[in-house]
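A short worksheet on the structure shown next.
Keep in mind that what you see is a predicted model, and the values were worked out from it rather than measured. Protein chains get the first letters and strands the later ones, always in sequence-line order, with residue 1 at the start of each.
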Amino acid sequence: MKAFILAKYTSKDLFRDKTNILWIVAVPAGLVVLRNLAAREMLERAFGIAAIVLMFMLIIGCTGVGLAILDMRRSGTFKRILIMPISKTGYFLGMALDLFGKLGIMVGIIFIMMFIYRITIPGSWVDLLIVLLVAVLFSVALGLNYATLSKSVFATIGLGMATGLALFNFADWHSGGRFAGTGLVETIGDHNPVYHLLRMMLGIIFDGAPLGHYHPEVITIFLWIVGLFLTSVALYHWRVEKML
Amino acid sequence: MNLVEIRNLTRKFGRLTAVDNVSFEIRKEEVLGLLGPNGAGKSTIIDMIVGLRKPTSGSVLVYGLDSSKNGLEVRRRVGYVPQQAAVFDDLTVRENLSLAAEMYGISSFKQRVAEIIKEYDLGEKADKLTHTLSGGQRRQLNFALGSIPDSQLMILDEPTVGLDPTRRLEAWEFIRRFQEKGKTVLLTTHYMEEADALCSRIVLIDRGKIVAQGRSEELKATLSDELLIEYTFAEMASDELVERLTGLQGVLQVEHEGLSLEITLKRSALPHVQQLVHESKLLIRNSSQKEVTLNGVFFHYTGRQLIKDKEE
């Protein structure tokens, strides 16, 4: 309950600052329009690409989570909140809810635009929505890890870059090399959640594959999300005294 | 009746002992000053009182509850004013207060927020974003946020640090208001003048250890044979004079700043000091003799000075 109260107030800035709205609407809309005009692609394809790019942006946006918590620590509001009667876990959940809401809005805008343009895709809308929300969940879980580990702005950006590099290093983009054979690279790729999320998204948008088709990959991503949340909770409880 | 009882409290960070076997209590309706320099361990003690940090050993009982096990319940019953005006800049004054009121589970929170806005004279700014507030108004909001739960126990963690004298006096007014309402206040500070003016009892702390505790007058009375003399000369005193004064038996401390010289000494050393100053042939513009201050008490026990008020 306290987590909802915290999220209710911390997310108020989203619609208050006009530049936030501009970015949230302008980025997805701009992507779609530009792709469509420049490449003269089908609108469906443009939206598909926008959705994929959005997922990349979500992963990069995780650093923002780290920076937001860092800002709260520096302004003293972090301690102010913790000294109120809210449990450490409650605070953590509140931040997760706030982030999920903010990132979820971006996904919502993509869907609203798809509805307005009466876009059809071969796959199911519901499946696509589920995959995008799972992507948001994954990025929130990753972002909370950044938040507990970040000690400075540059450390947060560094963390984002390091994990971003690892997560966008897909098996399909490598042919193996002198030090690592194709088998090893593919094995790593098999466990990369972003790779699987993208595969699922592309499958739904372009091939009409149902979500059930990706059953083992869904389990991999689910395990990643659970693992990341558990790690972030453990890190948070371990580090919260240092964060005061 | 004791609202807070701290017994043999120790907190270590690796090899550093931040709080070392500290014991004291906070009695109902008193203003207890925790006075010590930066890094003395004051904030760590507060964190342990409200259950945000676990003690390495020892115990803290707040309203009879062990705060390391019942932190949430303790925090529900404590008002807190931090050092910096920690407010959410993207929220309005009313929203900041509402957030706090809802977090404390106040059912009629809108009414409570309206009362606090009136009490702290924040009406004109109530619906403005807090980043538009002046420094003084932010400070008001900081105290207002601490008042939201209307707790019997108020913890003020260096609420006046870095304020100019006018703002400090304003903050003192807020603290006196708590006193008038019969609240129990724990005030941490490194301003001896503040502790002297506001606190009914004082705990002197240095490097994590309590060096003395009692009423201000009691602490000073323990050093009743000590004096503080301040000279203002027409020209700068020589280093040689300062050295000779420092070397005199019974002279405890010599502070030389600009044209003034501040000497803490045993009463028995007074004639020798006066003799040396006379021999220096410096023209004395002004001289005053004071009883020992809390700063002197702190120096007596630790051999170190608290930060001097005039430096701030």
Side-chain angles (χ1 to χ4, degrees), chain A residues 1-21 23-24 64-65 67-95 97-99 101-102 148 151 236-244, chain B residues 11 13-14 18 43-44 46-56 67 70-92 94-106 109 127 129-131 138 141-142 145-146 148-149 151 155 157-158:
Chain A
M1 186 59 193
K2 294 280 166 67
F4 281 104
I5 294 170
L6 181 61
K8 181 176 97 180
Y9 284 95
T10 52
S11 58
K12 274 186 190 282
D13 65 316
L14 183 66
F15 293 108
R16 180 162 289 151
D17 189 342
K18 291 179 183 66
T19 52
N20 285 342
I21 304 293
W23 282 109
I24 287 169
V65 181
L67 294 174
I69 305 270
L70 197 66
D71 183 51
M72 286 181 81
R73 285 168 61 189
R74 288 183 174 172
S75 69
T77 47
F78 179 77
K79 189 168 180 180
R80 163 83 83 186
I81 292 290
L82 281 189
I83 233 157
M84 289 175 185
I86 184 171
S87 65
K88 290 169 187 168
T89 311
Y91 171 82
F92 195 77
L93 278 175
M95 295 316 292
L97 274 171
D98 175 26
L99 298 166
K102 283 174 178 166
T148 50
K151 289 178 183 170
Y236 177 74
H237 278 267
W238 174 53
R239 281 194 41 86
V240 68
E241 285 197 9
K242 292 189 176 84
M243 292 164 78
L244 289 173
Chain B
R11 173 65 208 224
F13 296 105
S43 294
T44 308
I46 286 183
D47 290 348
M48 288 190 280
I49 290 175
V50 295
L52 281 186
R53 288 185 200 278
K54 300 254 184 260
T56 307
S67 54
N70 305 285
L72 210 57
E73 183 53 31
V74 166
R75 291 198 290 279
R76 202 186 308 280
R77 298 167 69 177
V78 170
Y80 170 72
V81 178
Q83 196 177 90
Q84 56 188 135
V87 295
F88 286 95
D89 281 338
D90 297 320
L91 297 181
T92 64
R94 195 186 301 280
E95 285 165 350
N96 265 285
L97 291 165
S98 300
L99 165 63
E102 284 203 68
M103 292 293 255
Y104 280 100
I106 298 169
F109 75 90
D127 296 308
L129 293 176
T130 48
H131 67 76
R138 285 174 76 84
L141 179 58
N142 198 31
L145 281 164
I148 279 281
S151 311
I155 294 180
D157 190 4
E158 305 207 50

Quick one: OG1 on B/Thr92 to OH on A/Tyr9, what's the gap to the nearest 0.5 Å? 9.0 Å

Could you tell me the separation between the OH atom of B/Tyr104 and the CD1 atom of A/Ile86, rounded to the nearest 0.5 Å? 11.5 Å

Who passes side chain to side chain donor-acceptor pair (under 3.5 Å) against A/Asp71, sequence neighbours left out? none

Do A/Leu82 and B/Val50 have side chains that get closer than 4.5 Å, going by heavy atoms? no

Output the distance between atom CG (B/Asp47) and atom CD1 (A/Ile83), rounded to the nearest 0.5 Å. 6.0 Å

Under 4.5 Å to a heavy atom of chain A? For B/Gln84 that would be side chain

CZ of A/Phe4: more than 12 outside heavy atoms within 6.0 angstrom? no

Measuring only between side-chain heavy atoms, which start at C-beta, is A/Glu241 closer than 4.5 Å to B/Arg11? yes

Among B/Asp90, B/Val81, B/Ile148, B/Val74, which residue has the highest count of heavy-atom pairs closer than 4.5 Å to chain A? B/Asp90

Side-chain H-bond candidate by donor/acceptor type, B/Asn96 with A/Arg80, under 3.5 Å: no

side-chain contact (heavy atoms from CB on, under 4.5 Å) between A/Thr77 and B/Asp89, worked out: CA-CA 10 Å; A/Thr77 47; B/Asp89 281 338; over 6 Å; no

Student check: side-chain heavy atoms of B/Met103 and A/Ile81 closer than 4.5 Å: yes

Taking it one step at a time, do A/Met84 and B/Tyr80 satisfy side-chain contact (heavy atoms from CB on, under 4.5 Å)? CA-CA 8 Å; A/Met84 289 175 185; B/Tyr80 170 72; over 6 Å; no

